[in-house]
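Contents: one structure, followed by commentary.
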Amino acid sequence: MFKAPRGAADVLPSEQRYWRYIESNAVAQCSLYGYHRIDTPIFEDAGLFVRTIGQGTDIVEKETYTFQDRGESLLTLRPEGTAPVCRAYIEHGMHNQPQPVKLYYFSSIFRYERPQSGRYREHHQFGYEAIGEADPALDAEVIDMAWQLYGSLGLTGLSLVLNSIGCRECRPRYLETLKRYYSEHLPQVCPDCRVRYEKNPLRLLDCKQESCQPVAGAAPRTADYLCAECSNHFASLQKYLGALGIALQVNHRLVRGLDYYTRTVFEVQPQEEGAQSTIGGGGRYDGLIQELGGQPTPAVGFATGIERIVLNLKRQNVEPPRTPSPSVFIASLGEAARSESVGIAGALRKSGIGALQGLGGKSLKAQLRQADAWGASFTIILGDDELRQGVVLIRDMKGGEQRSVPKDKLVAELGQLKMA
RNA sequence: GUGGGCGUAGCCCAGUGGUUUAAGGCGCCAGGUUGUGGCCCUGGAGAUCGAGGGUUCAAAUCCCUCCGCUCACCCCA
């Protein structure tokens, strides 16, 4: 027996309403903020992700699905959404469009890791990128849109965590200070942190090991080492978020797992304990486009995990709308009635009325059971008697009343009933 | 990659060595009306008891190995 590969899952019909609910709310937000959809390939040149996400990051180091195709190109299944969008921005000369260029996507994301609740090898993200503008008001807008999206979905108790991790100019100075500070505390710190110290010092800050908390908590703060521009940017952003009425908490230990972020980084976190602490995150990445060979271009973006939103919707008992089933069921008895019923079903659908037929020559009882199981509002009954008289029976499934209607009036009649 | 929990029908699960030809519930199918649903009643289909090996007169039940699922860590969405 074949099973879905580890960490990959079917989204079954019964789950779809969550997904469609999220998607339609997200699309609605996108149009309010002027974003246009982009779809990028599911795989990219492997180098794209190494260049952008960073050589020392976990994603690149141990989580990518990378393979050689038959033409010996080295390809990687997309492990995140931003780099491909930036690649497309450059490849299609979007710097010639009015800036910022605002793009959104829904895409599957692949990371090779041990699956657990809210974490899969294939998962799906909704994300958006605003490319070509450095104004902190744009950062605020990006954050606002994320916040509005969660709100529109009915999620509550989320918190917005914000930090600035500086830019190419001021971050090296900060990292030096951080390393100097940690060098004195290395013996007290967990083994992982000793590795981070060498490979990715920023990550020292968000170590969750109990033993590292005192050291990390007292560490120098990025915000205290920002250059004047970064500092102003961060201050303005907070002011704008205030103007939007968005409550945020600055967390000096928030850093993100991808190397390309500059200045603004933020995450949205649900209250619930345990499981995955982040539902969505993003930030500014002013160096990324240039890193990929484009003009120096500032940009800011956000991405959120669909599976994690679904998880939280369920935890909070949010009920997305159910997709309606066809409201008319046609039960027929005998072959003559059957071919009549095929025609009726077709006519109903042509006039926009969803219709299902009883199939397989089942008894009327069985067909009514089926109609009930489908939740049909009306069942049309058609047998030899009705055929002879040129009528059909319309049965109201709610109360069980039924009456006969001339065959040629059926479509009009049902149209009326549906209105009522 | 590391650690914990768990694997009995589509789903939830009883059964911890011998009346088990593996029970029950949900769901599915059919019948209870000569052409009438939802409730009820009756019947039916559906399980190589995760896989392989071992112990035993006897294994779903004990032992070993493997596989899978799940939760957590790392990290992230």
Side-chain angles (χ1 to χ4, degrees), chain A residues 1-7 9 12 14 22 53-54 56-64 78-82 106-127 146 150 190-193 195-196 200 203 206-210 254-258 267-270 273-282 301-312 329 331-334 337 358 360-387 393-402:
Chain A
M1 281 285 275
F2 288 108
K3 296 163 71 176
R6 173 163 234 203
L12 298 172
S14 55
I22 294 163
I53 299 173
T57 58
D58 276 20
I59 293 179
V60 163
E61 218 164 58
K62 53 182 204 192
E63 296 180 359
T64 51
R78 173 175 57 205
E80 65 103 30
T82 300
F106 288 90
S107 57
S108 35
I109 301 291
F110 302 86
R111 293 182 198 166
Y112 186 88
E113 20 180 20
R114 287 285 286 272
Q116 68 188 67
S117 176
R119 157 204 261 161
Y120 307 95
R121 288 184 175 178
E122 181 193 21
H123 76 276
H124 299 78
Q125 292 185 5
F126 162 64
Y150 294 127
C190 72
D192 283 339
C193 273
V195 177
R196 291 187 185 107
N200 200 342
R203 298 222 63 87
D206 72 343
C207 181
K208 280 138 205 141
Q209 281 293 314
E210 198 54 50
L254 177 68
V255 297
R256 310 215 65 235
L258 301 91
E267 284 185 2
V268 179
Q269 303 174 348
E273 284 302 312
Q276 312 310 322
S277 58
T278 304
I279 189 169
F302 168 81
T304 183
I306 307 293
E307 285 85 350
R308 289 194 181 172
I309 297 179
V310 172
L311 189 71
N312 283 279
F329 190 94
S332 59
L333 291 156
K362 291 174 198 288
S363 69
L364 182 57
K365 180 211 252 321
Q367 294 186 70
L368 279 165
R369 273 189 187 147
Q370 261 187 319
D372 191 58
W374 276 97
S377 308
F378 301 98
T379 297
I380 291 163
I381 299 171
L382 188 56
D384 292 337
D385 297 350
E386 289 74 22
L387 274 185
L393 297 180
I394 300 179
R395 179 180 179 83
D396 185 330
M397 296 299 281
K398 218 168 284 148
E401 317 81 50
Q402 56 190 45

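Only this structure's heavy atoms are used, side chains among them; waters, hydrogens and symmetry mates stay out.
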- Query: Is Y150(A) close to T304(A) at the side-chain level, that is, under 4.5 Å between some pair of heavy atoms?
  - Reply: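 Touching, per the 4.5 Å side-chain cut-off.
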Distance from [X] atom [atom1] to [Y] atom [atom2], nearest 0.5 Å?
{"X": "T64(A)", "Y": "I53(A)", "atom1": "OG1", "atom2": "CD1", "value": "8.0 Å"}
{"X": "H123(A)", "Y": "I306(A)", "atom1": "NE2", "atom2": "CD1", "value": "9.0 Å"}
{"X": "T57(A)", "Y": "R256(A)", "atom1": "OG1", "atom2": "CZ", "value": "12.5 Å"}
{"X": "Q370(A)", "Y": "F329(A)", "atom1": "CD", "atom2": "CZ", "value": "4.5 Å"}

Suppose you measure atom [atom1] in [N] against the same atom in [M]; what distance do you get, rounded to whole Å?
{"N": "G24(B)", "M": "A47(B)", "atom1": "P", "result": "15 Å"}
{"N": "C49(B)", "M": "C57(B)", "atom1": "P", "result": "23 Å"}
{"N": "C6(B)", "M": "G50(B)", "atom1": "C1'", "result": "11 Å"}
{"N": "U2(B)", "M": "A59(B)", "atom1": "P", "result": "35 Å"}
{"N": "C66(B)", "M": "G10(B)", "atom1": "P", "result": "28 Å"}
{"N": "G15(B)", "M": "U61(B)", "atom1": "P", "result": "15 Å"}
{"N": "A9(B)", "M": "G46(B)", "atom1": "C1'", "result": "6 Å"}
{"N": "C69(B)", "M": "U8(B)", "atom1": "C1'", "result": "15 Å"}

Check: protein-nucleotides 26-31 of chain B nitrogen or oxygen pairs below 3.5 Å:
unit_1 : atom_1 : unit_2  : atom_2 : d
A30(B) : OP1    : K362(A) : NZ     : 3.4
G31(B) : O6     : R369(A) : NH2    : 3.3

Would you indicate what [X] reaches in the nucleic acid, counting non-hydrogen atoms under 4.0 angstrom: base, sugar-phosphate, or nothing?
{"X": "E386(A)", "value": "base"}
{"X": "G127(A)", "value": "nothing"}
{"X": "K62(A)", "value": "base"}
{"X": "I279(A)", "value": "sugar-phosphate"}
{"X": "I381(A)", "value": "base"}
{"X": "E307(A)", "value": "nothing"}
{"X": "R256(A)", "value": "sugar-phosphate"}
{"X": "L393(A)", "value": "base"}

In whole Å, I'd like the distance from the [atom1] atom of [X] to the [atom2] atom of [N].
{"X": "E401(A)", "N": "G38(B)", "atom1": "CD", "atom2": "P", "answer": "17 Å"}
{"X": "Q269(A)", "N": "A77(B)", "atom1": "CD", "atom2": "C1'", "answer": "12 Å"}
{"X": "D396(A)", "N": "G37(B)", "atom1": "CG", "atom2": "C1'", "answer": "12 Å"}
{"X": "R395(A)", "N": "G38(B)", "atom1": "CZ", "atom2": "P", "answer": "10 Å"}
{"X": "F110(A)", "N": "A77(B)", "atom1": "CZ", "atom2": "C1'", "answer": "14 Å"}
{"X": "F2(A)", "N": "C67(B)", "atom1": "CZ", "atom2": "C1'", "answer": "16 Å"}
{"X": "D372(A)", "N": "G37(B)", "atom1": "CG", "atom2": "P", "answer": "10 Å"}
{"X": "L368(A)", "N": "G37(B)", "atom1": "CG", "atom2": "P", "answer": "6 Å"}

For [X] and [Y], work out which heavy atoms get closest and say how close.
{"X": "L364(A)", "Y": "A331(A)", "answer": "CD1-CB, 3.9 Å"}
{"X": "I279(A)", "Y": "R308(A)", "answer": "CD1-O, 4.1 Å"}
{"X": "S108(A)", "Y": "R78(A)", "answer": "O-NE, 3.0 Å"}
{"X": "L382(A)", "Y": "A337(A)", "answer": "O-CB, 3.3 Å"}
{"X": "Q125(A)", "Y": "A303(A)", "answer": "OE1-CB, 3.4 Å"}

- Message: If you assign I59(A) and P5(A) each to the RNA chain B nucleotide with the nearest heavy atom, which residue ends up on the more 5' nucleotide?
- Response: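 It is P5(A) whose nearest nucleotide is closer to the 5' end.
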Using the test salt bridge (Lys or Arg N to Asp or Glu O under 4.0 Å), find all partners of [X] that sit at least two apart in sequence or belong to another chain.
{"X": "R121(A)", "result": "none"}
{"X": "D192(A)", "result": "none"}
{"X": "D384(A)", "result": "none"}

- Task: Examine U70(B): is either OP1 or OP2 under 4.0 Å from a nitrogen or oxygen in the side chain of Q116(A)? Give yes or no.
- Result: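 Checking U70(B) against Q116(A), no side-chain N or O comes under 4.0 Å of OP1 or OP2.
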- Message: Does A77(B) have OP1 or OP2 under 4.0 Å away from a side-chain N or O of T304(A)?
- Response: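 Result: no.
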Contacts under 3.5 Å, N or O only, protein and nucleotides 3-13 of chain B:
unit_1 : atom_1 : unit_2  : atom_2 : d
G3(B)  : O6     : R114(A) : NH2    : 3.2

- Going by modelled atom types, is there a donor-acceptor pair between the base of G68(B) and the side chain of R6(A) at under 3.5 Å?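 Absent.
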- Hey, does the side-chain of E113(A) have a donor or acceptor N/O within less than 3.5 Å of a partner on the base of A77(B)?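 Indeed, a donor on one side and an acceptor on the other fall under 3.5 Å apart.
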- Donor-acceptor pair, Q367(A) side chain versus K362(A) backbone, under 3.5 Å?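 Side chain of Q367(A) to backbone of K362(A), a donor-acceptor pair under 3.5 Å: yes, one is there.
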- Query: Quick one: stems for RNA chain B, with Watson-Crick or G-U pairs under 3.5 Å, at least three in a row?
  - Reply: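 Detected stem regions: B:1-7 with B:67-73, B:10-12 with B:24-26, B:28-32 with B:40-44, B:50-54 with B:62-66.
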